[in-house]
Amino acid sequence: AAMQKKLMLIINPVAGRGAYTQNFAEAMKILSYGGYDVTLFYTQGRGDASRFAAENASAYDTVACIGGDGTLSEVLAGLMQLENRPPVGYIPMGTANDVATTLDIPKNDTLGAAKLILTGEPHDFDVGGFGEDGYFAYIAAFGAFTNVSYATPQNQKKALGHLAYVLQGMASLGILDATERIYKTVMTLIK
């Protein structure tokens with residue numbers, strides 16, 4: 001049998017309400033049958049994905065992550081600290097998944113994304129840098145919007161998806177004193 005390639009899989013277990021568990025075993029089987037020996041790394045907090053990638057990725061043929069755009073961004077930031085960077089696979093499980101939309105990666109479809117890790121053509125992806133070790137792959141924020149992603153409550157992200165960020169951003173700029181009212185109305189409509 002051919003040598004198994006080594007895949008480092010970084011998992012953010014809280015992304016998308018822990019949706020990664022759906023079809024997870026099946027996805028592992030796809031990767032395994034596809035020739036990968038998979039090692040799992042579970043994040044517990046901010047910065048873990050970057051640290052895991054920076055410290056371990058050079059020992060792997062491919063690095064992949066399951067999570068949202070924030071998880072992917074962290075993984076890429078960690079890889080930027082390495083000379084030789086392995087290709088990156090992405091199984092999107094976040095709230096907005098804007099990067100996946102841009103790259104045509106199936107969203108909240110663990111199996112489709114896992115298959116793409118095996119069959120997809122690697123291509124370049126721009127990563128920006130600022131300051132000493134600051135890297136961003138998806139969005140760089142400063143000023144009023146810096147805290148939007150973190151300030152947006154999880155329950156709003158769950159119910160409203162991308163719109164939650166928009167409402168939170170408007171609120172942080174003071175455009176909408178009515179944000180709270182609008183949010184409550186939307187939530188009532190959803191129910």
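The chain is numbered in sequence order, starting from 1.
Judged purely by atom type and a 3.5 angstrom limit, Thr39 has no side-chain atom pairing as donor or acceptor with the backbone of Met8. The backbone N or O of Ala54 lies less than 3.5 Å from no partner atom in the side chain of Gln81, so there is not a single donor-acceptor pair. No donor-acceptor distance shorter than 3.5 angstrom exists from the side chain of Tyr60 to the backbone of Ala53, with no hydrogens or angles considered.
Linking ILVMFWY side-chain heavy atoms closer than 4.5 Å, directly or via other members, places Tyr90 and Leu82 in a single hydrophobic cluster. Ile91 and Val38 end up in the same hydrophobic cluster when Ile, Leu, Val, Met, Phe, Trp and Tyr side chains are linked at under 4.5 Å. By the criterion of side-chain heavy atoms lying less than 4.5 angstrom apart, applied directly or through intervening Ile, Leu, Val, Met, Phe, Trp or Tyr residues, Ile105 is grouped together with Ile10 in one hydrophobic cluster. One hydrophobic cluster, built from ILVMFWY side chains closer than 4.5 Å, cannot hold both Val14 and Ile66; they sit in different ones.
Across every non-hydrogen atom of Pro92 and Ala113, the tightest pair is CD-CB, 4.0 Å. Closest approach of Leu116 and Pro106 over heavy atoms only: CD2-CD, 3.9 Å. When every heavy atom of Leu118 is checked against every heavy atom of Gly34, the shortest pair comes out as CD1-CA, 3.8 Å. Contact record, Ala27 with Leu111: N-CD2, 3.5 Å, taken as the closest heavy-atom pair. Among all heavy-atom pairs drawn from Cys65 and Val75, the shortest one is CB-CG2, 3.9 Å.
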Determine, step by step, whether Met28 and Leu40 satisfy the side-chain contact (heavy atoms from CB on, under 4.5 Å) criterion, reporting the C-alpha distance in whole Å, the side-chain angles of both residues, the deciding distance to 0.1 Å, and the verdict.
CA-CA 10 Å; Met28 291 305 99; Leu40 308 179; 4.1 Å; yes
Could you go through Asp48 and Arg51, starting from their C-alpha distance and side-chain angles, then the distance that decides it, and tell me whether this counts as side-chain contact (heavy atoms from CB on, under 4.5 Å)?
CA-CA 5 Å; Asp48 282 356; Arg51 191 168 41 82; 3.0 Å; yes
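Tested against Leu7 for a side chain to side chain contact (heavy atoms under 4.5 Å, CB included), the candidates Thr62, Val63, Asp37 yield a single pass: Thr62.
Atom CG of Leu31 is separated from atom CD of Glu26 by 10.5 Å, given to the nearest 0.5 angstrom. For the atom pair CE (Met80) and CZ (Arg85), the distance works out to 4.5 Å, reported to the nearest 0.5 Å.
Looking only at side-chain heavy atoms (C-beta outward), Tyr36 and Leu9 stay at 4.5 Å or farther from each other. Taking 4.5 Å as the limit, some side-chain heavy atom of Leu72 sits within range of a side-chain heavy atom of Val88. Met93 places a side-chain heavy atom less than 4.5 Å from the side chain of Thr110.
Under the 30°/60° scheme for interplanar angles, the aromatic rings of Phe52 and Phe41 are found to be tilted.
Side chain to side chain, Asn12 and Thr71 meet the donor-acceptor criterion of an N or O pair below 3.5 Å.
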